Amino acid sequence: MPELPEVETTLRGLEPHLDGQVVADVIIRNAKLRWPIPDMLPALLQGQTIRNLQRRAKYLLIAFDHGILILHLGMSGSLRILTSPTIADKHEHFDLQLANGKVMRLRDPRRFGAVLWHSGEIKSHTLFAKLGPEPLLDEFTTEYLYKATRKRRIPIKQFIMDSHVVVGVGNIYANEALFRSGIKPQLAAGKLSRARCDNLLNEIRATLHEAILQGGSSLRDYVDSDGKQGYFQQHYWVYARANEACKRCGNPIKQIKQSQRSSFYCSVCQH
DNA sequence: ACATCTACCTGGAGGC
DNA sequence: TGCCTCCAGGTAGATG
């Protein structure tokens, strides 16, 4: 599933194909994603020039002179560039056709993703107004994390997955970063010392950075890929390893549910 | 203000 | 082979 590193990798793969290009047309085959794809999108984008691509949280932002195309990959979304006409399969819901003949195509079997339009500053969009800091930027500091955790009783795993606290930390990397910092997922956020907040912040960053590096090397080509290569698999310390031996101490990895989501941890290495 | 729950969706795995 | 059930999960919005 696309977490922040996959979105970042997708952005870097798409950018050289899209930046500065002119939109010829927009094709909406199925508007029923998380929210309906705006039906005025073709009229809004025909003839418009792509000014830049950015990522905020797990959203991809494609900027035009008069507004921003917002894309989210949800659980199962992927984007690729086609250089020749290709029949869309049943899960390929949206195309951005360029004047140079290339096409950016969105595939999203589970349709948790989104394609939206916003005219104006991205910060003024309701989805973006209350987002927390980017985990890979300097705005995400130990001091911020420490203060934010004070008096919070929510388990730390759920806390770091809250996009109002910090964006882009999904289930996989929350589990991994907590293992790497030696913090068990059930621990109340407010119980973390300043030193442990510092450690956690650094491990969130390192985990995401490493995944981006790995993604960059494993997903090098966005052009005419078969779309089946999927997202890069990594070696995980704990994620999806229930009952397997901890790679650090050998103890079996535990699996629990926290607010309907699976958490994995080592009860020896994490406390 | 905070914590928890619900809803959305479909492919894939496992059981029979 | 086919049918059924369960699970995965991002995140806004509702509810307690």
Side-chain angles (χ1 to χ4, degrees), chain A residues 1-11 29-37 55-61 70-79 88-94 106-116 118 122-135 147-178 185-192 204 208 211 226-234 236 238-243 253 255-264:
Chain A
M1 55 280 337
E3 292 223 25
L4 184 147
E6 288 86 348
V7 178
E8 181 68 26
T9 303
T10 297
L11 170 71
R29 292 187 201 80
N30 183 355
K32 294 179 182 173
L33 301 187
R34 179 165 192 183
W35 298 282
I37 300 177
R55 177 187 61 73
R56 172 73 172 114
K58 293 176 186 169
Y59 295 91
L60 280 166
L61 308 176
I70 301 168
L71 303 171
H72 197 290
L73 300 178
M75 287 288 304
S76 58
S78 60
L79 290 163
D89 82 16
K90 66 172 179 172
H91 299 303
E92 295 179 338
H93 310 307
F94 176 88
L106 172 70
R107 177 184 155 86
D108 186 3
R110 294 184 192 177
R111 293 194 278 118
F112 273 26
V115 178
L116 299 169
H118 181 65
I122 196 64
K123 289 171 196 166
S124 67
H125 193 285
T126 52
L127 289 174
F128 293 79
K130 294 178 179 173
L131 289 181
E134 284 289 329
K147 283 187 175 156
T149 52
R150 291 312 87 186
K151 297 182 180 171
R152 296 293 299 271
R153 298 181 184 185
I154 191 172
I156 188 63
K157 161 115 178 314
Q158 286 151 256
F159 184 78
I160 60 175
M161 289 179 69
D162 181 348
S163 64
H164 302 108
V165 171
V166 58
V167 301
V169 182
N171 200 39
I172 295 174
Y173 297 115
N175 279 297
E176 293 295 293
L178 285 169
Q186 307 95 315
L187 186 69
K191 297 273 188 188
L192 281 179
I204 288 172
L208 295 174
D226 61 10
K228 291 175 186 166
Q229 61 194 6
Y231 291 95
F232 42 101
Q233 288 295 312
Q234 316 212 83
Y236 295 129
V238 289
Y239 180 75
R241 296 193 66 244
N243 303 315
I253 298 298
Q255 177 172 5
I256 59 171
K257 285 272 185 194
Q258 292 183 286
S259 84
Q260 335 281 74
R261 296 288 178 256
S262 287
S263 294
F264 303 88

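Throughout, a chain's letter reflects where its sequence line sits, starting with A, and its residues are numbered from 1. The structure displayed is predicted, hence computed values, not measured ones.
Residue Lys90(A) places none of its side-chain N or O atoms closer than 4.0 Å to OP1 or OP2 of dC9(B).
Panel note: side chain Gln258(A), backbone Ser263(A); no donor-acceptor pair is recorded below 3.5 Å. With His93(A) contributing its side chain and His91(A) its backbone, the two residues share a donor-acceptor pair below 3.5 Å. Of the possible donor and acceptor atoms, none in the side chain of Arg56(A) sits under 3.5 Å from a partner among the backbone N and O of Leu61(A). Using modelled atom types, no side-chain atom of Arg241(A) and backbone atom of Phe264(A) make a donor-acceptor pair closer than 3.5 Å. Side-chain atoms of Arg55(A) come within 3.5 Å of backbone atoms of Ala57(A) as a donor-acceptor pair (strictly under, hydrogens ignored).
Nucleotides of DNA chain B nearest to Arg111(A) and Pro155(A) differ in position, and the one nearer the 5' end is that of Pro155(A).
Lys32(A) comes within contact range of no nucleotide atom at all, as no heavy-atom separation falls under 4.0 Å.
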Go along nucleotides 6-16 of chain C 5' to 3' and tag each nucleotide: B for a protein heavy atom under 4.0 Å from its base, S when only backbone or sugar atoms are that close, - otherwise.
--BBBBB----
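Atom pair Gln158(A):CD and dT4(B):C1' shows a separation of 9 Å (rounding to whole Å applied). Taking atom CD1 of residue Ile156(A) and atom P of nucleotide dA3(B), one finds them 11 Å apart after rounding to whole Å. Atom-to-atom, CG of Asp108(A) to C1' of dC9(B) comes out at 9 Å; the value is rounded to the nearest Å. Asp162(A) has its CG atom 10 Å from the C1' atom of dC2(B), to the nearest Å.
Every residue was checked against the salt bridge (Lys or Arg N to Asp or Glu O under 4.0 Å) condition with Arg34(A), not counting sequence neighbours, and none meets it.
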